[in-house]
There are 2 protein chains.
Amino acid sequence: MNSEHTVKSFDSELAQLTDTLLQMGRLTEQQLSTAIEALSLRSSETAEQVIREDQQIDQLKDQVTEQVLNLIALRQPVAADLRLIVSALTMATDFERIGDHAASAAKRSLKMLDAGAAPPLETFLRLASIVLNRLHNIVTAFTNLDSALAMDVWRRDSEVDTVHTSLYREMLTYMMEDPRKITACTHLLFAAKSLERIGDHATNIAELVCFLKDGRRPRGQRPRAPDETIATEPSGSTG
Amino acid sequence: MNSEHTVKSFDSELAQLTDTLLQMGRLTEQQLSTAIEALSLRSSETAEQVIREDQQIDQLKDQVTEQVLNLIALRQPVAADLRLIVSALTMATDFERIGDHAASAAKRSLKMLDAGAAPPLETFLRLASIVLNRLHNIVTAFTNLDSALAMDVWRRDSEVDTVHTSLYREMLTYMMEDPRKITACTHLLFAAKSLERIGDHATNIAELVCFLKDGRRPRGQRPRAPDETIATEPSGSTG
């Protein structure tokens, strides 16, 4: 980073990297929104579209990896710059997993359509709308490097867990009342688990946005719902 | 990498990084084995031990990140060396997720104990033993940089899917026959999903071992069971 020219190239390469991450963010948001639409409209065509388009997100992830490797090799960044560039890899992994979970939810909706005797979807759609809103906010927070908005996403993690737990109990009731609904309810529970995991990844990204903006991650334990009946999967640390 | 001294330091730092990854591998194997024991012995104490010790794996993941950042900053590796070092981050993420899933399975076994009226565990334990064996083999393959063994793990991914699908069908039958088993069966299905995901992460690591040994990843699509009734979660690409 000796000449002004070098600094400018470095900045423009960083901007490209950020741009690829933003593309990933917008695409995952769109994929989740379409997956939810597939479920609520019971449209297998829409679900298949989500499954098909997941590979676009995977390709963007590969692009991020290449851009990071090139940046490191050519610019040999150290300290804060290096940490920032490597955290792009972590964020890309979170977006990629969100895409995977959106595709999983779409696959589950296909299975649910096949299974017939579906349960009411109200609580599921409420969960879906909370998670989609979290994802939208975190993409916005990253776009504007808005750490206040990111902290807001981070703090509200427990809302997802609470609705997820209600949904679980509701589904158990439907299954017990009517065994013909067991198959469809099981698929819906797995789709809900995917949504909950998307919420966890949004929380990971919130931590990264705070780190990018303020140089440190939020302190303390993530807020969790007091009764975590089924939110048993530990949140992946973004390390 | 100008002097012999520098090369030696670089090699010893690489050896340290590999050593941390191996510690992660051995610990995840031990955690999965203990989680399975907790389920088969219906021991809540053993399950709690797995949940408690998961943070050790998270700490090792953080160590890998630090070692990678230091190696890049101090040695400024390029080309193949850089790619190799960055792939250590990917492998650490896979091991960390395996640890998370082992802890999830342990949490589910606690819930299953609470739920009472448990279903028979034979098929679940068969699935668990296949997954544990895959994890053991991939840790061995990484220890000895044995790409033939890694390819063997990679090719057998479909076995896990097949048993997972049988288990799913079996649990549906139990739930339909006896509604009192619904809660326990649901927890077992989620524990099984965690095992299946561990299988996917083992496959990711198999690809990385082949890359480390031979400089390229296995070609073509991963082998998948022909009837993927429930293995609906896309494998996370290691990109």
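Residue numbering restarts at 1 for every chain, and letters A, B, ... go by the order of the sequence lines.
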Q76(B) CD to R75(A) CZ distance, which is reported to the nearest 0.5 Å: 13.0 Å
V68(A) side chain reached by V86(B) side chain, heavy atoms, under 4.5 Å: no
Nearest-0.5 Å distance, CG of residue L82(B) to CG of residue L69(A): 5.0 Å
For T186(A) against Y168(B), the heavy-atom pair lying closest together: CG2-CE1, 3.7 Å
Side chain proximity check, I182(B) to Y174(A), heavy atoms < 4.5 angstrom: no
Largest heavy-atom contact set with chain A, pairs under 4.5 Å, which of L74(B), N70(B), L172(B): L172(B)
Gap separating the CD1 atom of I72(B) from the CZ atom of R83(A), nearest 0.5 angstrom: 11.0 Å
More than 12 heavy atoms from other groups under 6.0 Å of CD on E66(A): yes
Best-contacting candidate, Q59(A), R180(A), M175(A), E177(A), against chain B by heavy atom pairs under 4.5 angstrom: M175(A)
Separation of L189(A) CG from K193(B) NZ (nearest 0.5 Å): 13.0 Å
